[in-house]
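First the proteins, then the strands, lettered A, B, ... as listed; each starts at 1. Heavy-atom basis, side chains included; hydrogens, waters and symmetry copies ignored.
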Amino acid sequence: MDDFWSKLNPEQERAVKQIDGPLLILAGAGSGKTRVITCRAAHMVKDCGVNPFNILAITFTNKAADEMRNRVDRMAGSDAAGIWVSTFHSLCVRILRRYIDRIGYENTFTIYDADDQKTVMKEVCKRLNIDTKQMPERALLSMISHQKDELLTVSDTEREAADDYAMKELARVYKAYQETLRKNNALDFDDLLFRTVDLFRAAPDVLSSYQERFRYIMVDEYQDTNTAQFELVRLLASRYRNICVVGDDDQSIYKFRGANIRNILDFESVYPDAAVIRLEQNYRSTQTILDAANAVIKNNRGRKDKSLWSDRGKGEGLQIRRCDTAYEEAEFVADRIKSKKLREGIAWRDAAVLYRTNAQSRLLEEKLLMAGIPYTIVGGVNFYARREIKDLLAYLKTIDNARDDLAVRRIINVPRRGIGQTTINKIENYALNHGLTFYEALQSAEKIGLGKTAEKIAGFVSMIERFRRFLTEANLEDLVNEILDETEYVEKMDAADETEAKTRVENIEEFINKVVSFEEEEEEIRTEDETLSLPGDGPDENGSAVRQRSILSRFLEEVALVADIDTVSEDDNRVLLMTLHSAKGLEFPIVFMTGMEEGLFPGFGAVASNDPMELEEERRLCYVGITRAKDELTFVTARSRMLRGETQYHAPSRFLDEIPSGLFSDQAGNRIRAQKTAQISRESRPAASSGQSAFRQKPYSFTQAAPVKKKAFPLPLTKGSELQTGVTPDYKAGDRVRHVKFGEGEVKSIVKGARDYEVTVDFDTAGVKKMFAGFAKLVRI
DNA sequence: CGTACTAGTCTTTTT
DNA sequence: GACTAGTACG
């Protein structure tokens, strides 16, 4: 238990022991900062008599929070249970769920994602007659987001605008947007932070209770905090001032999201009595990789000077591969990974392919698939943002609480039930004139004068009511299945083609899996809580109230805050493909950095803008990418690639020039020259027998990833290869079967699809239907 | 009211 | 090249 001390270097130990007062830990990449944070928490509880309930650790992603949670638990055991490990956003949601009524929202608020925001904005622009050609919705949204990041209200914006026409327009839009959100009792991501700060400012007693609760606060990835987050932390910490922030200014890559690098650079001036500890020993990478990282990042100005070092030895030389096309690039990567697997026995999970933009994943995916390499793509379209999933979520939201007009409107005619735009407009007007929500207006549809469509609406309303009653005696899984059955969602799905229909069905299946794991997890928590009889949520007198909220509400809440990276599981043995942003915080024995070209990385915007700050952010991103690699790092460039429909030619990235050529292995140089004529398959064989074999003897630590506790949602994201078939039906063609809705019929054919069986049934009354076995739940008779 | 086709936009990066 | 919004027509 106590032997974690022995694993710490002197600086780390100092950071762990310094628990009182403000502390800034400048932790370079791979310097063991998570270890320091977790040890620190364990040390407080086990050695210093700190009540675990008084400790708060904040991270940015759920994945990081989970990881920290597991490590703290492992280190401090049940003592650690009371420590609150949370992301900024879920911390805020938890606080707001309890107290947001103090600032005029209902505690049942919903959370809007980017998609919902856009829908609202579109409507606002229409209402305000904003020309979206000149002012695109997303530009407005991003400006509003920036205002919120900076804790600027509508009136702040109006004041700031003065005579500036564009700013005045922005203020007008901001106002209307915010009013719509409030009307729908909804908060966007930025609001979660802003409204919490609002709450603390408006209700000193609430703030005070949280200050008492969180006497020791730690913030991870501090370089990525924005002004709202800074203020939130400042408020919480202002009584006890035991605030420890951990970060690396060189890894600040979220400026576009409002991250303010000054938060970390100026920490010492905000807290003049702050202790500062630097962690510069890297435990992850070879010295060669670190030399490359240092060489690149030292071209940035305005950073805290530091330099990573490692005692792991030089390791392999870096590799670089110049390809003619992006196509070839993808082929090279696939080929190289495959041969490493065959020749060196690496595990798939040892390799990661990184790129600047999500769009680059497509070709890579294609080639990996062709090569039969199992992979996972992180990011792109968030699972919960997919159409079919959002539809289901909208049903659930409506059932849970129909305050959110957006959700109700989304599903009023999905699947099609003959309620069109004109009807919706009429309902909307009626709602507006009578001060009703959209759903309330639906409930009194007969008064609107819609003729025959009123019946259809009544049908919809009674269906929702039926679902509500259904839920009182069934679990979530049943409810989702009931929705699918009742609406015939899958049957009526307007699939563009067969493959799309299949992916959608797979996604729905995956969604149901998630619902099931959520319910299981909840059950676990409940029983744990009962046996341990944990106190409630600290300052909340009746902590159980949170738990009393319906399981549906809690599910919707959890789902709203899931990022794609959260669902990546270490025990999935697959090659990971992701953006450089998503890769932060992760490490891999073998890393490919692809698309190393001017205009792509650094991106076009950064090159064109002439803003050195933008270029520096790109460079930090490069630094992040390089430092993900433990043993082997390969850069890949393409002379030409297709970018939004047209072929573009790019010079190699300037970042490559910043790396001393001595760090590259010889074979790489040869390869560049030889590559022109040679075939990739021949070229890419590793020079295992070359003179460099000294470094080859133990090329990889075949580290079995530490057993990580299963997350609530162990969902593999976009999956490639490895097909998964559903349950084999127990009926065959010719059998008589019964369907809940369509009654009895005869099975005409069963076709095996990618993940499920597609069954064609000739029903006695309903006629011939095609359906997926997983959903149809046909019973043989 | 629903469908089928066309034109225009999009790409940084995400909680 | 892919997706989406908008339009014309049945």
When all nucleic acid strands are considered with a 4.0 Å heavy-atom cut-off, which category describes A:Asn413: base, sugar-phosphate, or nothing?
sugar-phosphate
Taking 4.0 Å as the cut-off, does a side-chain nitrogen or oxygen of A:Thr579 come that near to OP1 or OP2 on B:dT12?
no
Tell me what A:Phe604 touches on the nucleic acid: a base, only sugar-phosphate, or nothing, going by heavy atoms under 4.0 Å.
nothing
A:Gly418 near the nucleic acid: base, sugar-phosphate alone, or nothing, with a heavy-atom cut-off under 4.0 Å?
sugar-phosphate
Starting from P on B:dT3, measure out to CZ on A:Arg416 and report it in whole angstrom.
4 Å
Given atom CD1 of A:Ile377 and atom P of B:dT13, what is their separation to the nearest angstrom?
14 Å
Consider the side chain of A:Phe189, meaning its heavy atoms from C-beta on, and name the nucleotide among B:dT12, B:dT3, B:dT15 that approaches it most closely.
B:dT15
Salt bridge flag under 4.0 Å for residues A:Lys397 and A:Asp404
yes
Do A:Tyr210 and A:Phe200 touch side chain to side chain, with heavy atoms closer than 4.5 Å?
yes
Whole-Å C1' distance, B:dT13 and C:dT4
22 Å
Under 4.0 Å between a side-chain N/O of A:Asn358 and OP1 or OP2 of B:dT13, yes or no?
yes
In whole Å, what is the span from the CD atom of A:Glu646 to the C1' atom of B:dT11?
13 Å
If you take atom types as modelled and just measure distance, does the side chain of A:Arg356 reach the base of B:dT13 with a donor-acceptor pair under 3.5 Å?
yes
If stacking means aromatic ring centre less than 5.5 angstrom from the base's six-membered ring centre, planes under 30°, is A:Phe256 stacked on B:dT13?
yes
Euclidean distance, atom CZ of residue A:Phe60 to atom C1' of B:dT14 [Å, nearest integer]:
11 Å
For residues 598-628 of chain A, pull every pair meeting ring-ring contact (aromatic ring centres under 6.0 Å, His included), keeping only residues two or more places apart or in separate chains.
A:Phe601-A:Phe655
If the threshold is 4.0 Å, N to carboxylate O, is there a salt bridge linking A:Asp224 and A:Arg257?
no
Given that A:Gln421 and A:Ala606 both sit by DNA chain B, which one's nearest nucleotide is further toward the 5' end?
A:Gln421
Minimum-distance nucleotide to A:His89 side chain [options: B:dT14, B:dT15, B:dC10]
B:dT15
With a 4.5 Å heavy-atom cut-off, do A:Leu633 and A:Phe588 have their side chains touching?
no
Go through C:dG1, B:dT14, C:dA5 for me and flag the one nearest to the A:Arg257 side chain.
B:dT14
Roughly how many Å is it from CD in A:Glu137 to P in B:dT11, rounded to a whole number?
12 Å
Separation of B:dT15 P from A:Phe230 CZ (nearest whole Å)
24 Å
Quick one: label A:Arg138 by what it contacts on the DNA or RNA (base, sugar-phosphate, nothing), any heavy atom closer than 4.0 Å.
sugar-phosphate
Using a 4.0 Å heavy-atom cut-off, does A:Lys118 contact any base of the nucleic acid, only the sugar-phosphate backbone, or nothing at all?
nothing
In this structure, how many angstroms lie between the P atom of B:dT14 and the CG atom of A:Leu586, rounded?
13 Å
Please state how far atom CZ in A:Arg94 lies from atom P in B:dT15, giving the value in whole angstrom units.
20 Å
Does a side-chain N-to-carboxylate-O contact under 4.0 Å join A:Asp198 and A:Arg195?
yes
Nearest listed nucleotide, side chain of A:Glu614, among B:dT14, B:dT12, B:dT11
B:dT12
Would you indicate what A:Ser582 reaches in the nucleic acid, counting non-hydrogen atoms under 4.0 angstrom: base, sugar-phosphate, or nothing?
sugar-phosphate
Which residue lies toward the 5' end of DNA chain B, A:Glu618 or A:Ala114, if each is placed at its nearest nucleotide?
A:Glu618
